[in-house]
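Shown next, in structure tokens, is the structure this report addresses.
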Amino acid sequence: MDLADKYLFPTYKRSHVVLVRGEGCRVWDEDGKEYLDFVAGIAVCALGHSSPVVSSALEDQSRKLVHVSNLYYTKPQAELAQLLVENSFADRVFFCNSGAEANEAAIKLARRYCREKYGPGRHTIITMKGSFHGRTMATLSATGQAKIQAGYDPLLEGFKFVPFNDLEGLKEAVDDSVCAVMLEPIQGEGGVVCPRPGYLQGVKDLCLQKGLLLIFDEVQTGMGRTGKLFAHENFGVTPHIMSLAKALGNGLPIGAMLSVEELSSAFGPGSHATTFGGTPLVTAAAKAVVASLLNGGWLAHCSRMGDYFRSELEKLKANHPVIKEIRGLGLMVGVELEEPGAPVVEGCLERGFLINCAQEKVLRFVPPLVVGKKEIDGLIHALDEVLK
Ligand SMILES: Cc1ncc(COP(=O)(O)O)c(C=O)c1O
């Protein structure tokens, strides 16, 4: 902790633990204290820590080929793309290294496609207030939260913000400069905010009517988190473009931007690139992750555990008026409190539970999808004590 505090930029407010090991839903600190992890690297380690699925894919691939340039073909990258395409609305995939980069690629593709199709002037992307799309200049400019943008002016031009869940507001914001609408199907950093019934369909209908591209940022909601491989499947609405990252590599840094075929010509040779994106090592691991999510029964398990978790939280709410609302889908769960959540996060940490707080008053739970009832019961018990 002293070394980190001395040598690292102080960009993170860290909890006072040094984590040294993880297995399944558990992590251990350097004193051997065990924690049940309901953060999972913020919705990253879906298959749990030290997943044997990932370890063996990594071990195997690391002995064959770790990295070559994207100037050459590699098998794991092509096979992962095939797996994603065959299990989604999409036809094409671009691999990168993070969620922000996946959104950068989405923004660039939308702008370039519309430029080629309609000529200059149609470049604005409408995004949502309370959204989070990343920390690069383009993605923080696209993010509808002043605190994320503070101090970084001038921001990138060409983003307009409307309230999430407000179809009328969106309709009013569309003008001749708009090329796309970008949103998270469920807002994550915004405090686990779910779409109202019919909202996403309404957004899609408007996009089709006005000739706009629909971009879903599924960086947090994707890869099984909501009980479907992608959150939009719960609502029966497909986008033209989708960004993924987080759980795609179960902790290995990988992002992906997927789109329908029609857009692929806008990303021709030389239009976009990355050194590390889609490296054989990471795509081999991600391929094993996606195959395991699809074939291991984890999506159905996630739905069951999510329902159980939320029903137990509802019981807790009956005894704790400080709980205002319980939200979420699958194992993406938010508990809005009447008061700041930081002391609750601290109390849970003392009792051996890692949880997280979004937007000051929303406790956020995004555990590994392999979490069981016993672990959930343990957390509910700890929350009961802390809230008392
Ligand atoms: C919805 C969403 N988009 C984008 C990002 C940015 O991803 P990364 O931190 O991998 O750049 C996040 C990260 O929390 C996210 O939740």
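Throughout, numbering of the chain's residues begins at 1 and tracks the sequence. In each ligand, atom 1 is the first atom listed, and ligand 1 is the first ligand listed.
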Numbering as shown, the atoms of ligand 1 that approach N103 to under 4.0 Å (heavy-atom distance)
3 (N), 4 (C)

For A245, is at least one N or O under 3.5 Å away from an N or O on ligand 1?
no

Are any non-hydrogen side-chain atoms of R26 and D37 less than 4.5 angstrom apart?
no

Distance-only side-chain donor-acceptor flag, N103 / T139, under 3.5 Å:
no

Before accepting this row, confirm whether a basic side-chain N of the pair D175/K160 lies closer than 4.0 Å to the acidic partner's carboxylate O.
yes

Tell me: protein heavy atom nearest atom 16 (O) of ligand 1, and distance?
Q220 NE2, 2.8 Å

Counting C-beta onward and ignoring hydrogens, is there a side-chain heavy-atom pair between F161 and T127 closer than 4.5 Å?
yes

How far is atom 7 (O) of ligand 1 from the closest protein heavy atom, and which atom is that?
G99 CA, 3.3 Å

Hey, which atoms in ligand 1 end up nearer than 4.0 Å to a heavy atom of F132?
1 (C), 2 (C), 3 (N), 5 (C), 6 (C), 12 (C), 13 (C), 14 (O), 15 (C)

What distance do E233 atom CD and T221 atom OG1 have between them, rounded to the nearest 0.5 Å?
10.5 Å

Show me which atoms of ligand 1 lie under 4.0 Å from any heavy atom of S98.
10 (O), 11 (O)

Heavy atoms, side chains only, cut-off 4.5 Å: are S264 and D91 in contact?
no

Output yes when the distance from some N or O of ligand 1 to some N or O of E101 is under 3.5 Å, and no in every other case.
no

Tell me yes or no: between the side chains of S311 and E314, is some donor less than 3.5 Å from an acceptor?
no

Distance under 4.0 Å to a non-hydrogen atom of H133: what atoms of ligand 1 satisfy this?
3 (N), 4 (C)

Protein heavy atoms: any of them under 4.0 Å from atom 11 (O) of ligand 1?
yes

What atoms of ligand 1 come within less than 4.0 Å of a heavy atom belonging to E184?
1 (C)

Which residue is it: L248, L244, N250? I am looking for the one with a side-chain contact (heavy atoms from CB on, under 4.5 Å) to V290.
L248

Nearest-neighbour protein heavy atom for atom 6 (C) of ligand 1, which is reported as residue plus atom name and distance
A100 N, 3.7 Å

Tell me, please: is Q187 in heavy-atom contact with ligand 1, that is, under 4.0 Å?
no

At the 4.0 Å heavy-atom cut-off, does I42 count as touching ligand 1?
no

Can you label the angle between the H232 ring and the F230 ring as parallel, tilted or perpendicular, going by 30° and 60°?
parallel

At less than 4.0 angstrom from any non-hydrogen atom of V219, what atoms of ligand 1 do you find?
2 (C), 3 (N), 4 (C), 5 (C), 7 (O), 12 (C), 15 (C)

For K246, the ligand 1 atoms with a heavy-atom partner under 4.0 Å come out as 13 (C), 14 (O), 16 (O)

E336: which of K361, K324, R364 passes salt bridge (Lys or Arg N to Asp or Glu O under 4.0 Å):
K324

Could you tell me whether E189 approaches ligand 1 through its side chain, its backbone, both or neither, with non-hydrogen atoms closer than 4.0 Å?
side chain

If we ignore angles and hydrogens, is there a donor and acceptor under 3.5 Å between the side chains of K204 and T238?
yes

With heavy atoms of D217 as the reference, note each atom of ligand 1 found under 4.0 Å away.
1 (C), 2 (C), 3 (N), 4 (C)

